[in-house]
Number of protein chains: 2
Amino acid sequence: MAVLWHCQGVTETRTVGAVRQGSLRELNLAVVLRRIADTDRPPSRAEIAADTGLTRATVSAVVDDLIAGRLVTEADPAPRTGAGRPARGLLLGDTGPAGLGLEVNVDYLAACVVDLTGAVRHHEVRRIDLRPLSPADALTALVALARRARTVADDAGLGLAGAALAVPGLVDARGLVRLAPNLGWRDVDVPALLAGHPALTDPVDGVPPLVVENEANLAALGELHARPGGPQSFLHVSGEIGIGAGIVLDGALFRGSRGWSGELGHVPVDPGGPTCRCGARGCLETYAGQESVLAAAGLAGADLPADTAARRLADLACSGDPAALAALNAAGTALGVAVAGVVNLLDLDTVVLGGGYATLAPWLCPPVLAELDDRVLTSGWSPVTVRPAALGAESAAVGGAGSVVRRIIARPSGWLSRPQ
Amino acid sequence: MAVLWHCQGVTETRTVGAVRQGSLRELNLAVVLRRIADTDRPPSRAEIAADTGLTRATVSAVVDDLIAGRLVTEADPAPRTGAGRPARGLLLGDTGPAGLGLEVNVDYLAACVVDLTGAVRHHEVRRIDLRPLSPADALTALVALARRARTVADDAGLGLAGAALAVPGLVDARGLVRLAPNLGWRDVDVPALLAGHPALTDPVDGVPPLVVENEANLAALGELHARPGGPQSFLHVSGEIGIGAGIVLDGALFRGSRGWSGELGHVPVDPGGPTCRCGARGCLETYAGQESVLAAAGLAGADLPADTAARRLADLACSGDPAALAALNAAGTALGVAVAGVVNLLDLDTVVLGGGYATLAPWLCPPVLAELDDRVLTSGWSPVTVRPAALGAESAAVGGAGSVVRRIIARPSGWLSRPQ
DNA sequence: CCATTTAATTCAACCACTGAACAAATTGCG
DNA sequence: CGCAATTTGTTCAGTGGTTGAATTAAATGG
């Protein structure tokens, strides 16, 4: 009897590169570690073998390597189940590698350390208006936070395996900040400016690569990180002074061909609308950007830090202020129009409101949902979920640190073969 | 000396599944075959070894397998270069597997056969108005084309390794056509209806899986296929009665979480615009869909087949007809607004106009480019290219057949281990 | 005609997985 | 309590496939 397949066969699976002898172990280390990471209940070696199709012998050997590298530990209490020798559960180690997350934003600096289990082991935010500072001075101030984070990691026996720096702007593949309008940065070579600071360049174990990335992108990863069992594909909208979006597909960040994806703020909402500071007319930012919403709510000219502005608006809306409510409704509608376009195009089923929008979600969600309901072609089959972000301002730093950790889980051989 | 890395380190590479002993050869077959496919000049074994990092011994062994499976042949004339034993160039075989591409559209059926080299070995289009036919009758008519295609493939010594069917509508993961408005189909179970037709179910070599896919998606793959050296990430817009888009990222189709990505026609262009048949207001389709453009050009009510309509409009525009020119300009502007949103979001650098838009590209490109120039934030750094599609109406069928072939190149072990 | 050069193959060694047998640790039943 | 049953984890010979060096093949050039 012939059988037809109707799987998603058009998108082929892609192999990475040449597969050498040792790649076999390298790949299986990743397979087993991912299996350990992707679960609540610590799996046994036998369970992993059954799930992955590897032999128990192979799994044992691989697990030995992972334990030796402190990526995995055995759970102390054996979970009592039935007959037979009790299984020894396997857990991600919390004394092995960790990721350093850094953030430079308009009115604060942040640093955090996330271990392999995803736990935030250290977190520091320093409120400071960065706009008057030069990029070099701003980064020097950041290095102080990074140094403290490293001390904490060292004391806890953690090895920093890498760092990710979030910047509110366009970052190219080499770490150059092409444009960060709200910081007043243009063509800032962050890696070069940081090169002199040993806290970021002379690591304990091997060389920690520093990745510079757009803040909205890392914030989206932070959301992924904060909800381990949550959806693996979603749009994360960061409502700050500008509006950025991080696109997460199958648990990975989508960066576009040059890493400049996610400029949701300049998606056209009404081609004949007001002129945006980008020069075009009717961009989403002119309707739902912080300035416009504040102005519509009667708070024009109040030069508030991003999070305070959202808080103020929320307070006004709570007290029933009509201008604030109308402003939020209009912003939500515009946001809904833009997001509807995205959802029609990318077929996502979850939208996360982050940054300042998280605070304002109670008032933004209804109009956004209403527009999605009207405008998304497939909303009849499966509705789109809109919800506030799980993390607040720390999202980008946590997401950055988490991305380092996720990279280790995806390719543990790099950590295991580090120059001890 | 410490070195900083600024690579795109946030998106981790993902391993597919467990790696067994035999997977090693399986993966290297793919690596070598892809290296052979991705080049103009036939590479030698030594060259492949140097490029991939594999040993010459391994490459030889792998190539032997590929030649035995007729996936690769040795080039007859040795390209004379310098001293030393001349290299034997390796080419994709043209007597091995092939892909069958099928298409059901509003006013035609199509079938084609593409071999491993990408050559279109057979192509047939049958003009027929499908709207009055039931889905079962339409598919029966299609099977006649499929059978002829199979005969041609058999006579040429090709083995059909799979088939892809393009349908102008939403297709779910199981091959169910949820909605094809212009065909009048709803919840049509294509695989079930085809199950009785041996031409598609009883293949020569093994079982050919049939993949059902949205027409715009396969048309986008057709463009990828028609330009081997071209960009690997682009947006392909299909202007038919509706407007669909196929998103190709890194040479692979992006299908969204349920395979319903690319509904560009219902991206909002002006939230207060005319009501669309989807119920929302101001969808792109109400500005740049075939009906609206024809109406604006003074051809309302002319119930023309899709390609004739575009031809008629192009003729009018050529002759300087002011209504037609104005209609095309307005459509191009609306298209530009919608596409600008996409480009801002996904950071693509190439937009391909396909379907009826290909014919109309001379008039559509200027307004589209103008909008992109104004509205794309990064257009200052790197401009967006807009160009007509390389293939015409055959695009989807060729793209479907090509996707089968690409899948074989991505995972040749499936073909090599077929039940001979 | 022979040294030189590059391509491809052969072959012993080796690495990592495989499968089966075995040891370990617990439950359950008589 | 003792023993069979059960499940986990390890050991070990066997094997597939890559590795690296040596060898053969096939050309150019002086």
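In what follows, chains carry the letters A, B, and so on, assigned in the order in which the sequence lines appear, proteins first and then strands, with residues in each chain numbered from 1.
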Below 4.0 Å: OP1/OP2 of [N] and any side-chain N or O of [X]:
X: A:Thr58; N: C:dA16; result: no
X: B:Arg20; N: D:dG16; result: no
X: B:Asn28; N: D:dT18; result: yes
X: B:Ser44; N: C:dT6; result: no
X: B:Ser60; N: C:dT9; result: yes

Interatomic distance, [X] [atom1] vs [N] [atom2] [rounded to whole Å]:
X: A:Glu47; N: D:dG9; atom1: CD; atom2: P; value: 9 Å
X: A:Leu24; N: C:dC15; atom1: CG; atom2: P; value: 14 Å
X: B:Leu27; N: D:dG16; atom1: CG; atom2: C1'; value: 14 Å
X: B:Asp51; N: C:dA7; atom1: CG; atom2: P; value: 12 Å
X: A:Asp65; N: C:dC15; atom1: CG; atom2: C1'; value: 13 Å
X: A:Ile48; N: D:dT10; atom1: CD1; atom2: P; value: 12 Å
X: A:Leu29; N: C:dC15; atom1: CG; atom2: P; value: 16 Å

*Under 4.0 angstrom, heavy atoms only, what part of the nucleic acid is B:Thr55 near: base, sugar-phosphate, or nothing?*
base
*asked:* Categorize B:Ala57 for me: base, sugar-phosphate, or nothing, with a 4.0 angstrom heavy-atom threshold over every strand shown.
replied: base
_Check this for me: B:Asp40, atom CG, are more than 12 non-hydrogen atoms of other residues, nucleotides or ligands nearer than 6.0 Å?_
no
Roughly how far apart are [X] [atom1] and [Y] [atom2], rounded to 0.5 Å?
X: B:Ile36; Y: B:Ile48; atom1: CD1; atom2: CD1; result: 4.0 Å
X: B:Leu253; Y: B:Leu221; atom1: CG; atom2: CG; result: 4.5 Å
X: B:Glu47; Y: B:Thr52; atom1: CD; atom2: OG1; result: 11.0 Å

Just compare [options] and give me whichever is closest to any side-chain atom of [X].
X: B:Arg56; options: D:dA26, C:dA8, C:dT18; value: C:dA8
X: A:Leu54; options: C:dT9, C:dT18, D:dT10; value: C:dT18
X: A:Arg88; options: D:dT19, D:dA26, D:dG9; value: D:dG9

*Is the base of D:dG17 touched by the side chain of B:Arg25 through a donor-acceptor pair closer than 3.5 angstrom?*
no
_At less than 3.5 Å, do the side-chain atoms of B:Arg85 and the base atoms of C:dT6 form a donor-acceptor pair?_
no
*Select from A:Gly84 and A:Glu26 the residue whose nearest nucleotide in DNA chain C is closer to the 5' end of that strand.*
A:Glu26
_Working note: B:Glu213 + B:Arg255, criterion salt bridge (charged side-chain N to carboxylate O under 4.0 Å, His left out); need CA distance, chi angles, decisive distance, verdict._
CA-CA 10 Å; B:Glu213 181 56 271; B:Arg255 307 177 78 260; 2.7 Å; yes
*Check A:Ala164 against A:Gly400 and note the closest heavy-atom contact, atom names and distance.*
CB-O, 3.5 Å
*Closest nucleotide of DNA chain D for A:Gln21 versus for A:Asp64: which of these residues is on the 5' side?*
A:Asp64
